[in-house]
Number of protein chains: 4
Amino acid sequence: MPESTPTRDRIVDAAVKLFAERGFRGTSITAIEAEAGLTPGAGGIYHHFKSKQDLLRAGVERQLSRLDALRDMRWLITDLGDLRAELTIGARYILSELDSEAELLRILASEARTGQELLISAVEKIVSNSYTELATWMRSRSDVTLTDAQANAIAALAMGSLLSSRVTATVLGGPAFPVSDEHLIATWVHGTLQLLQNPPTLP
Amino acid sequence: MPESTPTRDRIVDAAVKLFAERGFRGTSITAIEAEAGLTPGAGGIYHHFKSKQDLLRAGVERQLSRLDALRDMRWLITDLGDLRAELTIGARYILSELDSEAELLRILASEARTGQELLISAVEKIVSNSYTELATWMRSRSDVTLTDAQANAIAALAMGSLLSSRVTATVLGGPAFPVSDEHLIATWVHGTLQLLQNPPTLP
Amino acid sequence: MPESTPTRDRIVDAAVKLFAERGFRGTSITAIEAEAGLTPGAGGIYHHFKSKQDLLRAGVERQLSRLDALRDMRWLITDLGDLRAELTIGARYILSELDSEAELLRILASEARTGQELLISAVEKIVSNSYTELATWMRSRSDVTLTDAQANAIAALAMGSLLSSRVTATVLGGPAFPVSDEHLIATWVHGTLQLLQNPPTLP
Amino acid sequence: MPESTPTRDRIVDAAVKLFAERGFRGTSITAIEAEAGLTPGAGGIYHHFKSKQDLLRAGVERQLSRLDALRDMRWLITDLGDLRAELTIGARYILSELDSEAELLRILASEARTGQELLISAVEKIVSNSYTELATWMRSRSDVTLTDAQANAIAALAMGSLLSSRVTATVLGGPAFPVSDEHLIATWVHGTLQLLQNPPTLP
DNA sequence: CATGAATGAGCCTTCATTCAT
DNA sequence: AATGAATGAAGGCTCATTCAT
């Protein structure tokens with residue numbers, strides 16, 4: 001991890017902001033320089049990064065490391081004794097995490113298809129990990145015994161519906177469903193709880 | 001003339017394919033011409049479309065009209081007498097619709113943020129409409145009486161979890177959750193049914 | 001001289017009009033086709049002309065032949081007995097001739113520099129000829145005997161001041177001098193007369 | 001770097017030269033770059049000018065400012081006591097000014113019709129101003145009292161004939177009249193003097 | 001470090017011209 | 001004779017990147 005000079009940080013800030021707003025290809029080095037307070041078009045960025053791709057990597061990595069710092073899985077082991085309360089906390093936590101990484105999500109949606117390792121692993125971190133942890137937690141907390149398949153399917157459904165509410169808003173450009181977070185969470189908790197107590201029979 | 005398909009159609013085909021693969025900005029007119037069997041760089045496209053934007057519009061519109069043709073909502077009014085069976089058919093239908101519009105979804109994820117009227121309305125059509133219809137249907141089919149808020153929240157959750165499974169795969173570049181469609185649908189039907197029979201209390 | 005079909009004529013009309021308005025380079029074959037009522041971009045023009053250059057030539061030639069038909073030099077040999085009256089008629093005639101060839105003048109101003117024979121000879125016809133005839137006439141009509149040099153210089157001055165009033169208006173885009181034609185002609189006649197009666201001593 | 005002149009200046013030089021030779025539309029950015037010693041087609045010009053139009057503006061403005069620097073109207077107030085001598089100096093001065101702005105004249109003839117504010121004001125400066133000053137001067141120097149109309153008409157005639165001798169040569173591609181500058185000036189002075197001493201009666 | 005300047009590559013678009021129908 | 005379609009060439013402009021100062 002290279003030094004973290006003030007200029008370097010300003011460049012990453014500018015890049016992440018503009019990449020999220022306009023996409024990677026839609027953002028010129030010149031624009032990033034301007035946003036970072038460097039002379040536009042002078043290529044000052046290249047004293048800090050090898051290439052535009054390198055800058056993208058630095059940006060994504062910084063967002064991911066922030067995510068790591070933020071990620072506080074204590075809720076997963078906190079036993080409130082009340083499953084409903086725990087689920088509510090969990091839902092809020094997941095949504096806020098997605099919100100705080102909205103910029104990263106936007107970048108990934110625009111560029112993940114280009115098949116770059118870096119971006120794929122970012123998706124893993126931001127989505128799959130949460131999902132896996134959720135599945136594990138479900139298996140351990142459910143009153144009834146869940147098979148792996150059941151836990152996986154329930155977790156996929158649960159993560160998916162939360163993720164969706166943010167992806168449609170963040171990536172597609174506006175909330176697609178007129179449902180408040182409060183209602184969404186209440187319904188999510190209610191539905192997830194029922195699935196945990198009365199899981200489906202899977203072939 | 002490598003194909004007998006009218007040139008215009010071949011151009012739209014090529015454009016939709018490449019836009020989905022590489023994004024709008026990432027696709028050059030030259031590349032589209034090559035893919036369509038025209039001389040690359042000769043601008044032959046401009047005998048059929050006014051501009052690159054115009055071509056994007058044509059592509060999105062064609063996908064949308066295909067969607068209209070495809071959209072067969074008969075399942076929404078078919079009374080099989082068995083709610084579980086109806087939900088299963090509905091889930092399969094929604095997933096297959098999303099699958100057949102994967103390319104459009106990919107394009108929208110890349111470009112919808114640019115704030116173009118056209119793309120926004122495409123999102124409406126592909127996502128919001130289905131959601132609205134689902135909410136309406138739920139209110140009419142549920143055994144217990146649902147408030148608007150309840151129906152909306154349940155529909156948002158239900159649509160969201162299906163949409164998510166396709167968005168993560170299609171947009172982000174690979175399935176994020178190791179769950180088969182079969183299990184996903186079974187769990188979705190089970191969970192949705194329970195929500196309809198025992199809806200959450202919403203403040 | 002090729003046949004004069006209606007279509008061919010319409011094309012030449014359109015070309016001359018547009019060349020004068022937008023210049024040769026600024027006028028596309030497509031625009032000429034549209035103006036002439038042909039399908040734009042279909043290249044229909046090439047059934048009548050070998051190339052865009054050829055069309056320019058045809059246009060200039062047609063204007064020149066019109067000029068020939070128009071050119072009525074009778075005023076040059078009409079002896080009204082009154083030099084002042086003859087000069088007045090001559091001035092009016094020259095100005096009206098320039099006016100009726102405004103389009104040609106505009107084309108020449110834009111394109112004559114390209115060194116094309118055709119255009120150079122057009123300039124000859126429209127300007128030098130008049131000048132030469134004027135010089136000849138002066139030598140024959142002056143009360144005092146004029147040397148060639150004197151006649152040439154006086155004719156150059158006289159033609160020049162008339163030409164100027166049209167060139168500034170027609171070519172440069174608006175009248176540069178706030179002087180009415182009436183005043184201009186009166187002064188021109190007055191001045192020319194004095195020069196003829198009392199020519200300068202030339203070294 | 002073939003020359004030590006600042007690049008920007010070399011670009012303007014190249015542009016003015018080529019615009020005069022081939023017209024604005026007829027001159028490609030690539031050609032200007034080549035002429036200025038930049039890599040053709042690399043767009044190096046755009047580090048110095050926003051657009052081709054902007055470059056035209058810079059060129060015209062530079063020529064105009066040169067004109068301002070050059071324009072030395074002292075001859076207009078110098079009282080040599082001898083009107084004939086003053087007129088001779090004036091004629092020489094105007095012709096040399098037009099000669100030194102031949103390139104600008106050529107550009108204006110090609111492009112002034114496009115209605116650009118900048119070019120119109122350039123025409124004003126190079127033509128109308130001289131004319132106005134000439135008219136004013138005439139009113140003040142004439143032995144007899146001149147009405148405004150008389151002064152205007154005489155000035156228009158006088159400026160016109162000088163302008164013409166340069167416009168035909170410079171714009172149309174060659175001298176149209178076989179008259180030496182010496183003879184032209186002598187005749188012009190002679191004629192103008194007679195008009196000032198014996199102005200026409202204007203209705 | 002930062003900047004001014006330059007450059008190779010590429011992009012979207014226009015256009016004169018050709019040709020089969 | 002006219003059209004729909006195609007094409008080679010070029011044009012204006014952007015951009016990631018490099019380098020001397």
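Order of the sequence lines sets the chain letters (A, B, ...), proteins ahead of strands, with each chain counted from 1.
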Enquirer: Take atom CG of B:Leu55 and atom C1' of E:dC11, then tell me their distance rounded to the nearest Å.
Expert: 15 Å
Enquirer: Roughly how far, to the nearest 0.5 Å, is the CD atom of D:Glu111 from the CG atom of D:Leu56?
Expert: 7.0 Å
Enquirer: Return the 5'-most residue of the pair D:Lys52, C:Ala42 with respect to DNA chain F, ranking by each residue's nearest nucleotide.
Expert: C:Ala42
Enquirer: Specify the residue among C:Gly43 and D:Ser51 whose closest nucleotide of DNA chain F lies further upstream toward the 5′ end.
Expert: C:Gly43
Enquirer: For D:Tyr46 and F:dG11, give me the distance from atom OH to atom P, rounded to whole Å.
Expert: 11 Å
Enquirer: So, are D:Asp9 and D:Arg62 salt-bridged, with charged N and O less than 4.0 Å apart?
Expert: no
Enquirer: Looking at C:Arg57 and C:Asp54, does any basic side-chain N land under 4.0 Å from a carboxylate oxygen?
Expert: yes
Enquirer: C:Arg22 has an atom CZ; how far is it from atom C1' of E:dC15, in whole Å?
Expert: 14 Å
Enquirer: Quick one: the side chain of D:His47 and the base of F:dT14, do they pair up donor-acceptor inside 3.5 Å?
Expert: no
Enquirer: Would you mind telling me which residue lines up with the more 5' stretch of DNA chain E, B:Phe24 or D:Thr39, judged by nearest nucleotide?
Expert: D:Thr39
Enquirer: Quickly work out the B:Lys50 NZ to E:dC12 P distance and round it to whole Å.
Expert: 17 Å
Enquirer: Starting at CD1 of B:Ile45 and ending at C1' of E:dC15, how long is that distance when rounded to a whole Å?
Expert: 17 Å
Enquirer: Taking a pair as Watson-Crick or G-U wobble with both distances under 3.5 Å, which nucleotide is matched to E:dG8?
Expert: F:dC15
Enquirer: Got a second to check how far B:Gln63's CD is from B:Ile107's CD1, nearest 0.5 Å?
Expert: 6.5 Å
Enquirer: Nearest-Å distance, CD (A:Gln53) to C1' (F:dC15)?
Expert: 15 Å
Enquirer: What's the CD1-P distance between D:Ile29 and E:dC12, to the nearest Å?
Expert: 20 Å
Enquirer: May I ask you to evaluate whether C:Thr7 reaches the phosphate of F:dA2, defined as a side-chain N or O under 4.0 Å from OP1 or OP2?
Expert: yes
Enquirer: For a quick test of reading the model: is some side-chain N or O of B:Ser28 closer than 4.0 Å to OP1 or OP2 of E:dC11?
Expert: yes
Enquirer: Taking the nucleotide of DNA chain E with the closest heavy atom to each, which residue, B:Arg25 or A:Gly44, is nearer the 5' end?
Expert: A:Gly44
Enquirer: A:Ala58 and A:Phe49: which non-hydrogen atoms are nearest, and at how many Å?
Expert: CB-CE2, 3.5 Å
Enquirer: Can you tell me the pairing partner of F:dT21 across any strand shown, Watson-Crick or G-U wobble, with both distances under 3.5 angstrom?
Expert: E:dA2
Enquirer: What's the CG-P distance between B:Asp9 and F:dA5, to the nearest Å?
Expert: 12 Å
